[in-house]
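When reading the values below, keep in mind they use all heavy atoms of this one structure, side chains included, and skip hydrogens, waters and symmetry mates.
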Amino acid sequence: MRCMTTSDRPDHAADTASETSAGTPEHTGVAAQNWERASADPQYRAAVVDLLGALAYGELAAFERLAEDAKLAPTLADKAELAKMASAEFHHFEQLRDRLTEIGEEPTQAMEPFVAALDGFHKQTAPSDWLEGLVKAYVGDSIASDFYREVAARLDSDTRGLVLAVLDDTGHGGFAVEKVRAAIDADPRVGGRLALWARRLMGEALSQSQRVVADRDALSTMLVGGVADGFDLAEVGKMFSRITEAHTKRMAALGLAA
């Protein structure tokens with residue numbers, strides 16, 4: 001996953017933050033500022049560098065994982081589809097890497113604090129087969145994407161635009177839904193196994209995201225309102241409720257019980 005990374009979502013789930021950023025007529029506070037103005041606050045700048053570093057490593061890991069999953073693909077067409085998605089993830093990584101360089105930060109240093117947590121997550125949730133890999137990319141990565149969209153609504157306009165762009169759908173959602181539903185139709189017993197797998201992914205993803213945020217002072221301070229227009233504790237609860245609701249919708253799209 002991206003930091004808790006892919007960017008796919010069902011038709012209307014997980015749009016809360018992007019709708020907030022795109023559908024609200026007027027932004028206020030930091031969200032109404034550009035990067036040059038907002039980054040004058042050193043703590044805000046540090047938080048954004050953390051965020052971009054986490055996203056960048058998440059995209060790089062997503063690229064690597066999709067390329068590995070392509071080896072499990074049952075057909076050449078499936079292999080090619082996953083390779084195309086891996087390429088899209090790498091392009092997202094390049095955008096984040098280039099942005100970090102542009103604002104005077106060294107990309108590998110920005111990513112380094114998140115390597116252990118993300119690698120640990122992927123090690124703990126290594127799929128045992130093709131279908132588990134599809135569910136992980138669709139369900140697991142999307143939880144992270146929902147979180148980043150929520151955060152993006154409160155960022156400066158330049159950073160917000162970049163974050164939303166790299167969370168754009170790579171096409172994995174529709175592909176995963178089609179393949180998983182077909183597998184369940186062919187053998188309904190598959191559904192129970194994949195539902196348990198998806199529940200495990202949900203728990204691991206939320207735990208990992210909380211650990212990452214807690215370990216980074218600037219990032220956690222921004223999220224709970226100390227920097228920029230962060231969330232208060234009540235809003236944090238609502239945010240996770242929205243993420244859980246979007247997860248339930250994705251499970252339904254796959255034909256799985258949440």
Side-chain angles (χ1 to χ4, degrees), residues 1-14 58-59 61-86 88-89 117-148 167 169-212 240-258:
M1 63 185 297
R2 291 195 168 94
C3 174
M4 275 175 290
T5 174
T6 232
S7 47
D8 305 294
R9 44 187 170 161
D11 292 341
H12 54 273
E59 295 289 354
F63 158 74
E64 185 178 35
R65 195 184 69 244
L66 283 169
E68 282 294 313
D69 288 350
K71 296 177 184 177
L72 301 172
T75 70
L76 279 175
D78 292 335
K79 190 184 292 284
E81 191 65 27
L82 281 189
K84 180 173 125 182
M85 293 172 197
E89 298 289 8
L118 282 165
D119 286 356
F121 170 81
H122 289 306
K123 187 175 180 181
Q124 290 168 6
T125 58
S128 62
D129 61 20
W130 157 252
L131 290 173
E132 286 190 2
L134 288 179
V135 171
K136 179 179 176 181
Y138 181 52
V139 172
D141 290 357
S142 294
I143 294 167
S145 295
D146 291 347
F147 172 77
Y148 288 127
L167 295 178
D169 190 353
T170 61
H172 208 130
F175 181 76
V177 167
E178 177 190 347
K179 298 298 179 180
V180 170
R181 278 190 169 275
I184 293 171
D185 287 343
D187 181 2
R189 293 172 300 177
V190 169
R193 174 173 68 86
L194 293 180
L196 287 172
W197 171 244
R199 287 185 204 120
R200 181 184 163 197
L201 289 170
M202 176 72 171
E204 292 282 356
L206 291 178
S207 295
Q208 187 241 19
S209 64
Q210 289 162 359
R211 285 195 302 272
V212 167
F240 280 106
S241 292
R242 289 191 292 269
I243 291 172
T244 302
E245 181 183 354
H247 169 73
T248 301
K249 290 178 180 177
R250 287 193 187 92
M251 292 285 281
L254 289 168
L256 301 175

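Under the 4.5 Å side-chain criterion, counting only non-hydrogen atoms from C-beta, Val190 is in contact with Leu131. The shortest side-chain heavy-atom distance between Glu132 and Asp129 falls under the 4.5 Å cut-off. Here the side chains of Asp69 and Met85 are not in contact, with every heavy-atom distance at 4.5 Å or above. Between Thr125 and Phe121 the shortest side-chain heavy-atom distance falls below 4.5 Å. Under the 4.5 Å side-chain criterion, counting only non-hydrogen atoms from C-beta, Leu134 is not in contact with Leu194. Using a 4.5 Å heavy-atom threshold, the side chains of Leu82 and Phe175 count as touching. Between His247 and Val139, the closest side-chain pair of non-hydrogen atoms falls below 4.5 Å. Side-chain contact between Pro127 and Trp197: present, with at least one pair of heavy atoms (C-beta onward) separated by less than 4.5 Å.
By the salt bridge (charged side-chain N to carboxylate O under 4.0 Å, His left out) test, Asp78 is found to be paired with Lys179, residues two or more places apart in sequence or in another chain being considered. Every residue was checked against the salt bridge (charged side-chain N to carboxylate O under 4.0 Å, His left out) condition with Glu64, not counting sequence neighbours, and none meets it. Take Lys123 and apply the side-chain hydrogen bond (donor to acceptor under 3.5 Å, both in side chains) test, not counting sequence neighbours, and it matches no residue.
Across Ala67 and Ala86, no two heavy atoms sit closer than the pair N-CB, 4.1 Å. Listed here is the closest heavy atom pair of Ile143 and Ala205: CD1-CB, 4.0 Å. Scanning both residues, Met251 and Ala198, for their nearest heavy atoms gives SD-CB, 3.3 Å. Ala126 approaches Lys136 most closely through the heavy-atom pair N-NZ, 4.5 Å. Between Tyr138 and Ala176, the closest heavy-atom pair is CB-CB, 3.8 Å.
We find the CZ-CZ distance between Arg242 and Phe147 to be 12.0 Å, quoted to the nearest 0.5 Å. Distance check, rounded to the nearest 0.5 Å: CD1 of Ile243 to OG of Ser145 gives 10.0 Å. Between atom NZ of residue Lys79 and atom CG of residue Leu72 there is a gap of 8.5 Å, rounded to the nearest 0.5 Å.
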Inset, instruction - Starting from the C-alpha separation in whole Å, work towards a yes-or-no answer on salt bridge (Lys or Arg N to Asp or Glu O under 4.0 Å) for Glu68 and Arg65. - result: CA-CA 5 Å; Glu68 282 294 313; Arg65 195 184 69 244; over 6 Å; no
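The residue from Asp146, Leu256, Val135 that alone fulfils the side-chain contact (heavy atoms from CB on, under 4.5 Å) condition with Arg250 is Asp146.
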